[in-house]
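Scope of the values below: all heavy atoms of this structure, side chains included, with no hydrogens, waters or symmetry mates.
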Amino acid sequence: MFILTMTNDARGFSLIEVLITLLVLSIGLLGIVSLQYRGLQYSHSAYLRSQVNILAYDIADRIRLNRANAADYATAVSGYNVPATRPGNCILTGPNSAQNVANDVACWQQQLFDALPPGSQANIALTDASYDLYTVTLTWTDRDLTPHEVAYLFRP
């Protein structure tokens with residue numbers, strides 16, 4: 001038969017041990033929260049980069065479809081800032097018309113509003129007239145206030 005006797009050394013946890021355990025646990029939880037926050041930042045940054053790719057290729061394809069009026073796109077989208085409110089509606093128009101340029105630009109501006117944060121900028125420029133090269137430049141700011149700029153060079 002065993003008789004259990006309690007000595008002063010074996011009474012359980014002391015308050016200091018509990019506080020140290022809580023400190024170690026809270027540091028670990030703060031690390032996990034920090035990792036989650038960074039993951040969200042990187043995920044949002046990757047989302048914006050993919051949206052920029054889609055938007056640039058979309059307007060390049062629109063210009064290719066209306067090649068005869070390609071220079072009008074550069075005139076229509078020069079230093080465009082994405083507003084805080086949704087821009088005007090785009091409507092369907094006939095193919096390869098000068099009116100189609102305004103419609104394409106209006107639809108693209110709505111897509112810019114839907115995909116990029118307000119204050120982002122878009123620009124289409126005729127880079128080299130002799131080679132018929134255009135540049136689509138998109139500039140935006142991430143949540144961590146880091147500015148990014150992507151320029152796509154293409155030929156319609």
Side-chain angles (χ1 to χ4, degrees), residues 17-156:
E17 291 170 334
V18 171
L19 289 176
I20 290 173
T21 303
L22 286 176
L23 178 68
V24 170
L25 183 64
S26 63
I27 290 172
L29 289 175
L30 283 175
I32 291 171
V33 168
S34 175
L35 284 173
Q36 182 70 22
Y37 178 72
R38 288 288 183 191
L40 287 172
Q41 278 183 329
Y42 295 144
S43 175
H44 188 259
S45 178
Y47 167 77
L48 288 176
R49 288 183 184 277
S50 66
Q51 291 302 310
V52 164
N53 285 326
I54 292 168
L55 290 166
Y57 283 114
D58 179 61
I59 195 66
D61 287 341
R62 289 174 189 262
I63 293 172
R64 285 186 187 107
L65 287 172
N66 196 1
R67 192 170 297 169
N69 299 308
D72 295 337
Y73 286 90
T75 305
V77 182
S78 177
Y80 176 74
N81 288 323
V82 176
T85 59
R86 188 172 177 85
N89 293 332
C90 62
I91 57 170
L92 296 176
T93 59
N96 298 326
S97 67
Q99 184 184 9
N100 201 26
V101 172
N103 183 55
D104 285 346
V105 169
C107 292
W108 193 58
Q109 288 173 347
Q110 283 184 351
Q111 290 174 337
L112 288 170
F113 174 80
D114 292 339
L116 298 177
S120 300
Q121 295 180 341
N123 190 34
I124 300 173
L126 178 61
T127 306
D128 191 347
S130 61
Y131 291 107
D132 198 30
L133 291 174
Y134 288 84
T135 303
V136 175
T137 307
L138 294 168
T139 307
W140 74 97
T141 303
D142 265 343
R143 287 181 178 173
D144 59 352
L145 302 179
T146 304
H148 299 280
E149 180 177 292
V150 174
Y152 291 94
L153 185 68
F154 70 97
R155 182 176 296 139

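Each of V52, L138, I59 was compared with L112 under the side-chain contact (heavy atoms from CB on, under 4.5 Å) criterion, and only L138 meets it. Of the candidates V24, L25, L30, L23, L23 is the only one forming a side-chain contact (heavy atoms from CB on, under 4.5 Å) with I27.
Here the straight-line distance linking atom CD1 of I124 with atom OG of S78 works out to 9.5 Å at 0.5 Å rounding. Note: L116 CG to H148 NE2 = 12.0 Å, rounded to the nearest 0.5 Å. Annotation: the span from R64 atom CZ to F154 atom CZ amounts to 6.0 Å, rounded to 0.5 Å. Going from atom OG1 of T146 over to atom CG of D144 covers 3.5 Å, rounded to the nearest 0.5 Å. A distance of 9.5 Å separates CG of N81 from OG1 of T139, quoted to the nearest 0.5 Å. Taking OH of Y42 as the start and OH of Y37 as the end, the distance is 10.5 Å to the nearest 0.5 Å.
A side-chain donor-acceptor contact under 3.5 Å links S120 to the backbone of P117.
Counting heavy-atom neighbours within 6.0 Å of R143 CZ, excluding the residue itself, gives a total of 12 or less.
Heavy-atom minimum distance, T21 versus E17: OG1-O, 2.8 Å.
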For D114 and R86, run side-chain contact (heavy atoms from CB on, under 4.5 Å): C-alpha distance rounded to whole Å, both residues' side-chain angles, the deciding distance at 0.1 Å, then the answer. CA-CA 8 Å; D114 292 339; R86 188 172 177 85; 2.5 Å; yes

With side-chain contact (heavy atoms from CB on, under 4.5 Å) as the criterion, how do Y80 and V105 come out once you've worked through the C-alpha distance, each side chain's angles and the decisive distance to 0.1 Å? CA-CA 10 Å; Y80 176 74; V105 169; over 6 Å; no

